[in-house]
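Counting from 1, the numbers follow the sequence of the chain as shown. Just the heavy atoms: all of them, side chains too, but no hydrogens, waters or symmetry mates, feed the values below.
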Amino acid sequence: MKAPIVLIGIGELGGEFARGFLRCGHPVYPITRQMALSDAADQIPTPGLVLITVQESELDGILKDLPESWRDRVGFVQNELLPRHWQRHGIDNPTVAVVWFEKKPGMALTNILYTPVYGPRADVLMQALEAIDIPTRLLKDEDQLLFELLRKSLYIMTVNICGLSCGGTVGDLWMWHRELVREVALEAVAILEWLSGRALSAEKLIAGMIEGIEDCPDRNCLGRSARFRLERALQYAGGAGLETPRLNEIYRQVNQQKRK
């Protein structure tokens, strides 16, 4: 029997990965909010992979409590993920999948682009993805991983925040509101530059974001975390001392709508 896989967080995304692991012959052990990570680690001390599929807002809490025996077996799949999120918890070399497919309750899986994967257990993740017909690609180095993380973050931040202003699909957004998209994207790139501590090519990242828009134009802009993403972006901008006039304008617009 193949090595067991631990899944922390069993939502729609985690369920898809579980299906892939099972098809590959891995036993899968789900960890729910009611379960203590330390107790689970006592029972499964050396899993093949510990895949964390919780939302971005829950990630820090999970990593603070992550058992020592699991720390070199971690995999991440979160949106808006950057190296700073695992480095501040002393995790040096995780396995990361930059997930572009989407699964919502009661809806079929929607795939956008391909899912790049990098890290010591990339083969396990790639086999699971291929088993459920998700196109994937192995990245060569950490620079490629950083670019893929940044362009996915830019995509999700830009379309969600723009969606708060005009709604609709990402295809409509790009067709009818390009000026808005570029203004929001440029402010988002400045925030990502500060978060990553690297000088970034805004045009290269925006071109990568547009690939995602054009690959699946019928996807809705808005997600349930859109407002939270805007608020978090403004908090980052404030901490960095960045000017974000377009994000501020959308935030005021959202608050006016909320009061009506």
Side-chain angles (χ1 to χ4, degrees), residues 13 54-60 76-86 96-102 104 110 112-113 115-116 145-174 177-217 219-255:
L13 190 62
V54 299
Q55 294 182 2
E56 305 95 286
S57 59
E58 300 176 67
L59 184 59
D60 265 341
F76 296 110
V77 299
Q78 284 70 28
N79 286 319
E80 296 185 66
L81 184 70
L82 291 174
R84 68 197 300 268
H85 293 115
W86 63 77
V96 182
V98 186
V99 172
W100 280 87
F101 67 90
E102 186 175 56
K104 293 184 178 180
T110 300
I112 311 169
L113 297 177
T115 292
L145 173 62
L146 180 61
F147 173 77
E148 294 292 349
L149 288 169
L150 287 165
R151 82 152 165 169
K152 178 60 190 300
S153 293
L154 180 62
Y155 171 90
I156 201 72
M157 289 171 67
T158 301
V159 300
N160 269 198
I161 292 171
C162 289
L164 290 167
S165 177
C166 56
T169 67
V170 296
D172 289 339
L173 177 67
W174 183 236
H177 304 282
R178 290 195 183 190
E179 182 178 355
L180 170 66
V181 172
R182 285 194 59 83
E183 289 177 351
V184 169
L186 287 171
E187 292 181 7
V189 168
I191 293 169
L192 291 171
E193 192 167 61
W194 179 73
L195 289 172
S196 63
R198 301 276 289 269
L200 304 177
S201 169
E203 293 307 319
K204 183 179 178 180
L205 284 171
I206 290 172
M209 175 191 73
I210 293 167
E211 283 185 53
I213 291 174
E214 293 179 339
D215 191 70
C216 189
R219 180 183 179 273
N220 287 330
C221 291
L222 276 177
R224 61 183 177 179
S225 300
R227 182 184 173 90
F228 177 72
R229 286 198 168 95
L230 172 58
E231 292 173 346
R232 183 165 54 196
L234 289 171
Q235 288 174 357
Y236 287 146
L242 297 171
E243 296 292 331
T244 54
R246 181 57 95 169
L247 297 190
N248 293 339
E249 180 184 335
I250 293 173
Y251 184 68
R252 287 192 295 270
Q253 180 183 344
V254 169
N255 284 335

Is the backbone N or O of [Y] less than 3.5 Å from a side-chain atom of [X], with the two atoms forming a donor-acceptor pair by type?
{"X": "E187", "Y": "R246", "result": "yes"}
{"X": "D215", "Y": "L113", "result": "yes"}
{"X": "R151", "Y": "G208", "result": "yes"}
{"X": "E193", "Y": "L200", "result": "yes"}
{"X": "T244", "Y": "L247", "result": "no"}
{"X": "N160", "Y": "C221", "result": "yes"}

List the steps and the verdict of side-chain contact (heavy atoms from CB on, under 4.5 Å) for R198 and L192. CA-CA 9 Å; R198 301 276 289 269; L192 291 171; over 6 Å; no
_Please determine whether salt bridge (charged side-chain N to carboxylate O under 4.0 Å, His left out) holds for the pair R229 and E80, giving the CA-CA distance in whole Å, both sets of side-chain angles, and the decisive distance to 0.1 Å._
CA-CA 9 Å; R229 286 198 168 95; E80 296 185 66; 2.4 Å; yes
Working note: R252 + E249, criterion salt bridge (charged side-chain N to carboxylate O under 4.0 Å, His left out); need CA distance, chi angles, decisive distance, verdict.
CA-CA 5 Å; R252 287 192 295 270; E249 180 184 335; 5.4 Å; no
Practice item. Given side-chain contact (heavy atoms from CB on, under 4.5 Å), test R232 with E56 step by step and report yes or no. Key: CA-CA 11 Å; R232 183 165 54 196; E56 305 95 286; 3.8 Å; yes
For the pair D172 and H177, evaluate side-chain contact (heavy atoms from CB on, under 4.5 Å) and give the outcome as yes or no after the intermediate values.
-> CA-CA 8 Å; D172 289 339; H177 304 282; 5.9 Å; no
Tightest non-hydrogen contact, residues A188 and T158, listed as CB-OG1, 4.4 Å
Between A202 and L186, the two heavy atoms sitting closest are CB-CD2, 3.9 Å
In I250, L173, V184, L230, the residue satisfying side-chain contact (heavy atoms from CB on, under 4.5 Å) with S165 is I250
Under 4.5 Å between any side-chain heavy atoms of [X] and [Y], yes or no?
{"X": "K152", "Y": "N79", "value": "yes"}
{"X": "F147", "Y": "L205", "value": "yes"}
{"X": "L180", "Y": "C166", "value": "yes"}
{"X": "I112", "Y": "Y155", "value": "yes"}

ask   = How about Q55 and S225: does a side-chain donor come under 3.5 Å of a side-chain acceptor?
value = no
Donor on one side chain, acceptor on other, N255 and R227, under 3.5 Å:
yes
Practice prompt. Could you walk me through whether R182 and E179 pass salt bridge (charged side-chain N to carboxylate O under 4.0 Å, His left out), step by step?
Written response: CA-CA 5 Å; R182 285 194 59 83; E179 182 178 355; over 6 Å; no
Practice problem: Can you establish whether the number of heavy atoms outside R178 located under 6.0 Å from its atom CZ is more than 12? | Solution: yes
Quiz item: Can you say whether the rings of W86 and F76 are parallel (under 30°), tilted (30 to 60°) or perpendicular (over 60°)?
Solution: parallel
**Prompt:** Going through the distances and angles, do L222 and V159 end up as a side-chain contact (heavy atoms from CB on, under 4.5 Å)?
**Reply:** CA-CA 7 Å; L222 276 177; V159 300; over 6 Å; no
